[in-house]
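Take a look at the structure below.
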Amino acid sequence: MIDRRPPITSNEFDLIIIGAGVAGIAAAHAARDAGLNAIVLEAQDRVGGRAFTDFESFSQPFDHGCQWLHAASINPLRPIADRLGFRYRRGEIDFRIHDGHWWLNDSIAAEYAAMYTATYDRIHATGEAGEDVSCESCIDPASRWAQLFRQSFAPYISTEPRNASTLNLARYRDTGENWPVEDGLGALVKSLAEEVRRAIEIRLSCPVKSIDWGSDAVMVGTLDGMLFAKAVLVTVSTAVLAGERLKFFPLLPDWKHEAIAQLPLGFAEKIAFEFAGDPFVGLETHFAMMDWPDAPMGSFHIHPFDRPMATLYLGGVQCRDLALAGDAAMLEYGRDTLAKLFGTEILKDIRQSRATSWTTNACIGGAYSVLVPGGGEARAALAQPIDDKLFFAGEATSPDAFQTAHGAWQSGLDAMKLILATAQFAR
């Protein structure tokens with residue numbers, strides 16, 4: 001099919017923003033407010049990056065990726081959600097534990113909750129003491145709940161505890177408020193993109209192939225031709241950077257490559273089911289956790305927003321392998337797990353189902369960044385500009401809100417402050 005979209009009317013810009021995810025959209029807002037001649041280039045055919053709300057698979061909006069306003073009281077996206085009229089659910093979400101045979105009673109579940117809290121306290125204390133070691137080292141191997149902790153950790157952090165740094169988790173600014181967006185966090189980001197699009201072009205289906213920063217002007221090679229700018233802001237995932245899908249000329253310095261290597265993307269996917277009836281009538285929304293030897297590395301979100309749905313959140317290597325096996329394998333795994341929790345009769349009531357595929361998305365390549373044990377100051381190094389021409393943003397560069405949409409949003413704004421402070425933009 002011939003692409004009949006209009007050509008880019010100019011090939012010279014003050015700023016080129018690569019990636020129309022949350023960080024790129026935030027930067028576009030700041031560029032517009034500063035009066036810059038800017039353009040956003042996006043490889044995919046939609047905005048949002050890892051924030052994507054699906055309105056087609058189910059009768060209600062479904063977020064494939066970002067869904068939660070984490071640290072809600074200090075989250076800069078929460079007042080924006082209020083301004084745009086997006087609904088979200090306040091308060092804590094409870095959990096239940098199934099051991100493969102029956103649901104454990106509340107007193108036993110409370111034992112796990114105490115272990116969970118104590119383990120995270122050890123992780124944070126270790127990191128705050130400056131120890132950059134594996135989170136696995138903070139888990140009591142003799143605890144009856146050790147494996148369940150690992151299973152709850154994997155979808156939340158997108159990897160197993162052995163792969164995650166204590167220093168990293170200790171730096172995350174957490175208020176304990178995690179509020180899911182009923183109308184879709186991806187839809188919120190899309191609305192923000194539409195706002196800025198009136199002033200700044202967002203060019204979709206326009207992958208960037210090369211960035212030549214060796215001359216006075218930065219040259220960006222795209223399928224629509226060569227573009228020129230005073231500066232470029234790169235907001236793509238660390239998986240895209242590590243895979244060298246963007247070719248830099250000259251090559252990025254070794255310290256930048258090292259930072260990228262210390263921040264690989266983890267893996268997190270969802271397997272969602274919607275039912276013709278409501279098998280969860282009388283149950284409050286909660287997370288169903290699974291405590292048996294080969295249980296999923298994840299948990300089911302049951303009855304979200306009182307909808308007749310159940311969504312299995314998965315993380316880590318098991319999640320990656322299922323995603324690589326394809327949708328059919330993922331959905332079968334989800335159905336088998338659902339039946340073990342609620343009985344096979346529930347399967348007859350499934351109306352729609354959907355599995356996400358971040359692992360196999362070549363434009364993203366996983367979930368969100370994980371600082372490996374010993375990774376130290378890699379986030380700060382990734383955020384550091386080069387020659388006042390190359391700038392970097394995205395959740396992986398956030399010092400204290402990494403792995404979140406609001407961390408990505410703030411990183412875009414922070415990068416723009418650095419850009420506007422350079423000699424070529426300072427006024």
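What's counted below: heavy atoms across the whole structure, side chains too, no hydrogens, waters or symmetry copies. Here the structure is a predicted model, which is why all the values come from computation and not from measurement.
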Tell me whether [X] contacts the main-chain N or O of [Y] through its side chain, where contact means a donor paired with an acceptor under 3.5 Å.
X: Asp183; Y: Pro61; value: no
X: Lys389; Y: Ile386; value: no
X: Glu42; Y: Pro207; value: no
X: Glu160; Y: Val317; value: yes
X: Asp63; Y: Gly65; value: no
X: Thr166; Y: Glu131; value: yes
X: Gln151; Y: Met290; value: yes
X: Asp212; Y: Val218; value: no
X: Thr311; Y: Ala272; value: no
X: Thr422; Y: Ile419; value: yes

- Evaluate the salt bridge (Lys or Arg N to Asp or Glu O under 4.0 Å) criterion for residues Arg78 and Glu177: first the C-alpha distance (whole Å), next the side-chain angles of each, then the deciding distance (0.1 Å), finally the verdict. CA-CA 11 Å; Arg78 185 189 54 79; Glu177 303 154 305; over 6 Å; no
What are the two closest heavy atoms between [X] and [Y], and how far apart are they?
X: Gln424; Y: Ala231; result: NE2-CB, 4.2 Å
X: Ile202; Y: Ala193; result: CD1-O, 3.8 Å
X: Ala288; Y: Ile302; result: CB-CG1, 4.0 Å
X: Ala109; Y: Phe95; result: O-CZ, 3.7 Å

Does one side chain, of [X] or [Y], offer a donor that lies under 3.5 Å from an acceptor on the other?
X: Glu269; Y: Thr356; answer: yes
X: Tyr333; Y: Gln318; answer: yes
X: Ser411; Y: Asp414; answer: no
X: Asn178; Y: Tyr156; answer: no
X: His64; Y: Asp54; answer: yes

- Charged tip of Lys270 within 45° of Trp358 ring normal and under 6.0 Å: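 Checked: cation-pi criterion not met.
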- Task: Give the C-alpha distance, both sets of side-chain angles, the deciding distance and a yes or no for salt bridge (Lys or Arg N to Asp or Glu O under 4.0 Å) between Arg144 and Asp291.
- Result: CA-CA 10 Å; Arg144 175 239 185 278; Asp291 185 33; 2.5 Å; yes
So does [X] pair up with [Y], basic N to acidic O under 4.0 Å?
X: Lys340; Y: Asp336; value: no
X: Arg87; Y: Glu182; value: yes
X: Glu395; Y: Arg50; value: yes
X: Asp400; Y: Arg171; value: no
X: Arg83; Y: Glu195; value: yes
X: Arg150; Y: Glu136; value: yes

- Is the Phe149-Tyr120 ring centre distance short of 6.0 angstrom?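 Phe149 vs Tyr120: aromatic centres under 6.0 Å.
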- Query: Do His301 and Trp68 have ring centres separated by under 6.0 Å?
  - Reply: yes
- Item | Whether over 12 other heavy atoms sit under 6.0 Å from Asp294 CG | yes
What pairs meet the ring pair (Phe, Tyr, Trp, His ring centres under 6.0 Å) rule with one or both residues in [range], with sequence neighbours excluded?
range: residues 213-261; value: none
range: residues 364-391; value: none
range: residues 21-46; value: His29-Trp409

- Leu390 and Leu252: side chain to side chain contact (heavy atoms under 4.5 Å, CB included), yes or no, with the steps? CA-CA 10 Å; Leu390 286 184; Leu252 294 177; 3.9 Å; yes
- Gln410 vs Val22, side chain to side chain contact (heavy atoms under 4.5 Å, CB included): CA-CA, chis, key distance, verdict: CA-CA 9 Å; Gln410 189 60 50; Val22 180; over 6 Å; no
- Task: State which residues pass salt bridge (charged side-chain N to carboxylate O under 4.0 Å, His left out) with Lys256; sequence neighbours excluded, sorted by chain then number.
- Result: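 Once residues adjacent in sequence are excluded, Lys256 has no partner under the salt bridge (charged side-chain N to carboxylate O under 4.0 Å, His left out) criterion.
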- Counterpart residues, side chain to side chain contact (heavy atoms under 4.5 Å, CB included), relative to Lys190 (two or more places apart): Val47
- Message: Could you go through Glu194 and Arg197, starting from their C-alpha distance and side-chain angles, then the distance that decides it, and tell me whether this counts as salt bridge (Lys or Arg N to Asp or Glu O under 4.0 Å)?
- Response: CA-CA 5 Å; Glu194 292 303 321; Arg197 216 168 189 169; 3.4 Å; yes
- Would you indicate whether the side-chain heavy atoms of Leu148 and Ile97 approach each other to under 4.5 Å?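 Answer yes - side chains close enough.
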- Item | Which residues share a ring-ring contact (aromatic ring centres under 6.0 Å, His included) with Phe402, sequence neighbours left out | Tyr172
- Full working for side chain to side chain contact (heavy atoms under 4.5 Å, CB included) between Thr238 and Leu382: CA-CA 9 Å; Thr238 55; Leu382 181 61; 3.9 Å; yes
